[in-house]
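Quick notes on the structure that follows.
Each ligand, and each atom within it, is numbered from 1 in the order the structure gives. Predicted model, so just to flag it, every value in this text is computed and none were measured.
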Amino acid sequence: MSQSPRIAVVGAGLGGAAAAKLLLQEGFNVRVYEQAPSFSRLGAGIHVGPNVMKILRRIGIEDALNQQGSHPDYWYSRHWQTGDVLAQIPLGDYAVKEYGASYLTVHRGDFHALLIEALPDSVMAYGKHLTKVEDRGHVVVMHFADGTTEEADIVIGADGVNSRIREELLGPELPKYAGYLAHRAVFPTPEVKAGMLPFDACVKWWSDDRHMMTYFVTGKADELYYVTGVPVEQWDLDDRWLPSSKDEMREAFSGWHPTVQALIDATVEVTKWSLLERDPLPLWSRGRLVLLGDACHPMKPHMAQGAAMAIEDGAMLARCLKEVGASNHELAFALYEANRAERASKVQRISHDNTWLRTNEDPSWCFGYDVFNVPLAEPKVKVAA
Ligand SMILES: Cc1cc2nc3c(=O)[nH]c(=O)nc-3n(C[C@H](O)[C@H](O)[C@H](O)COP(=O)(O)OP(=O)(O)OC[C@H]3O[C@@H](n4cnc5c(N)ncnc54)[C@H](O)[C@@H]3O)c2cc1C
């Protein structure tokens with residue numbers, strides 16, 4: 001391997017973009033290959049916890065994201081029909097005091113754009129759909145759908161739930177459909193009729209078999225978002241998402257609280273997404289290939305920590321490569337996995353079990369496993385050389 005190993009990051013989602021930036025900050029020679037020709041502001045929101053905000057501080061975009069996002073004081077669980085509070089989780093100042101950074105909700109397109117802007121254009125290669133990856137021992141050769149090939153010394157698979165690189169490591173296997181779909185819609189707040197939003201926006205509405213989560217996705221509170229969990233037995237795994245409609249929403253949430261009806265009425269465009277998960281992988285790397293984020297541990301969104309785990313992975317991987325040296329990549333990957341696998345698997349499992357956290361009236365559901373106290377990406381577990 002040369003003095004300056006070439007690190008390829010395949011996939012520029014939240015995990016890949018963060019990893020690329022953190023690797024650049026550690027002085028590595030990085031190139032990012034993304035299949036999309038460009039990114040657009042897709043209609044979805046995201047929770048960002050203090051664990052992620054502390055990593056974004058290192059990247060240099062914490063303040064900008066704090067400006068963009070909304071900072072709810074509480075996350076409420078409410079009864080689907082009466083609106084009664086079932087549980088109330090303190091966020092706002094509490095999160096800052098307890099965990100050293102804020103908890104916010106934001107448009108994921110705005111969050112992603114900040115991460116992409118933090119990367120120099122020169123490291124980005126768009127329109128590069130990886131079709132095949134060959135670890136030849138001394139080098140990795142990547143093949144792209146446009147007929148080109150590129151070489152790298154290390155390839156990081158940040159290519160999401162249907163990862164081509166995971167397939168190369170472990171063989172073909174589809175993620176499991178979790179039996180739920182999630183409707184997602186972002187729309188201007190004024191569209192919700194005056195008086196129909198009597199509560200704070202950050203609310204999870206619950207019935208016995210489904211839920212709807214709502215929150216603002218901008219600091220100005222001028223855009224609202226909802227995301228649902230609705231049981232649907234079958235899903236064609238070829239489609240990750242499909243268009244939905246107000247009528248479908250009305251049917252799924254018939255008889256729900258007037259606030260929920262107002263949100264559905266105000267919907268401009270709504271999509272429905274399959275919720276996918278996967279059992280923990282037996283290995284995260286082999287040779288010169290390594291995985292992070294959904295490529296490795298996709299999970300149900302019920303701890304709002306999937307992207308958080310992807311970003312934590314990137315931070316730890318960059319630290320391990322720095323500590324051990326990229327030329328000693330197999331040891332660096334072992335150190336990375338040793339420091340990440342237990343935490344990521346635990347969050348995966350709790351995300352699965354938390355599907356019906358409504359029944360847990362103790363607000364510590366979120367904090368019981370101290371997920372926001374990220375070990376700041378310092379490798380703690382050591383691996384013998
Ligand atoms: C309904 C829902 C709500 C969620 N809410 C939250 C939340 O509030 N908080 C949270 O932390 N997480 C949340 N998540 C989880 C989060 O969205 C994912 O965990 C996160 O996006 C994973 O990031 P990633 O970078 O690993 O993968 P992705 O975001 O999937 O990015 C993968 C990238 O790789 C590219 N790619 C794929 N294949 C190839 C290829 N062959 N060649 C080149 N490029 C390729 C893709 O185009 C994409 O840009 C939610 C998920 C869902 C479904």
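Closest heavy-atom approach to atom 30 (O) of ligand 1 among the candidates G160, A18, G293: G160. Residue nearest to atom 14 (N) of ligand 1, selected from H47, Q35, R108: R108 (by heavy-atom distance). In the candidate list L130, I46, V10, L130 is nearest to atom 41 (N) of ligand 1, counting heavy atoms. Looking at A182, A307, G49 and measuring to atom 15 (C) of ligand 1, the nearest heavy atom belongs to A307. Which of S274, A125, A308, G15 comes nearest to atom 25 (O) of ligand 1 through a heavy atom is settled by distance: it is G15. The nearest non-hydrogen atom to atom 32 (C) of ligand 1, considering only A178, A158, A19, A145, comes from A158.
Of all protein heavy atoms, the one lying nearest to atom 1 (C) of ligand 1 is R184 NE, 3.4 Å. Distance from atom 19 (O) of ligand 1 to its nearest protein heavy atom, with residue and atom name: D294 OD1, 2.8 Å. Looking from atom 31 (O) of ligand 1 to the surrounding protein, the closest heavy atom is G13 CA, 3.5 Å. What sits closest to atom 37 (C) of ligand 1 on the protein, heavy atoms only, is D159 O, 3.2 Å. Of the protein's non-hydrogen atoms, G11 CA, 3.2 Å is the one closest to atom 34 (O) of ligand 1.
Residue contacts with ligand 1, taken as heavy atom pairs separated by less than 4.0 Å, do not involve M299 at all. Counting heavy atoms closer than 4.0 Å to ligand 1, residue M213 contributes nothing at all. Counting heavy atoms under 4.0 Å from ligand 1, residue V227 touches it through the side chain alone.
With T228 contributing its side chain and H183 its backbone, the two residues share a donor-acceptor pair below 3.5 Å.
Below 3.5 Å of separation, one finds no N or O of A36 facing any N or O of ligand 1. The shortest N or O to N or O distance between E34 and ligand 1 is below 3.5 Å.
Distances below 4.0 Å separate heavy atoms of P301 from the following atoms of ligand 1: 2 (C), 3 (C), 4 (C), 50 (C). Proximity to K128 (heavy-atom distance under 4.0 Å) selects the following atoms of ligand 1: 42 (N), 43 (C). The contact set between ligand 1 and R240, taken as ligand atoms under 4.0 Å from a residue heavy atom, comprises 53 (C).
For the residue pair N66/S102, the side-chain donor-acceptor check at 3.5 Å is satisfied. Looking at W256 and S254, their side chains never bring a donor and an acceptor atom within 3.5 Å of each other. With 3.5 Å as the limit, one finds a donor-acceptor pair spanning the side chains of H297 and D313.
The two atoms that bring L65 and L104 nearest to each other are O-CD2, 3.8 Å, heavy atoms only.
Taking 4.0 Å as the cut-off between side-chain N and carboxylate O, E150 and R31 do not count as a salt-bridged pair. Checked for salt-bridge contact, K246 and D265 miss the test: no charged N lies under 4.0 Å from a carboxylate O. A salt bridge is defined here as a Lys NZ or Arg NE, NH1 or NH2 lying under 4.0 Å from an Asp or Glu carboxylate O, and D294 with R278 fails to meet this definition. Ion pairing between a basic and an acidic side chain is recognised when a charged N comes within 4.0 Å of a carboxylate O; E312 and R343 show such pairing.
The side-chain tip of K128 does not point at the ring of Y33 from less than 6.0 angstrom away and within 45° of straight on. Relative to the six-membered ring of Y76, R78 meets both conditions, a distance below 6.0 Å and an angle of at most 45° to the axis.
V230 and W241 fall into different hydrophobic clusters, where Ile, Leu, Val, Met, Phe, Trp and Tyr side chains are chained together by heavy-atom contacts under 4.5 Å.
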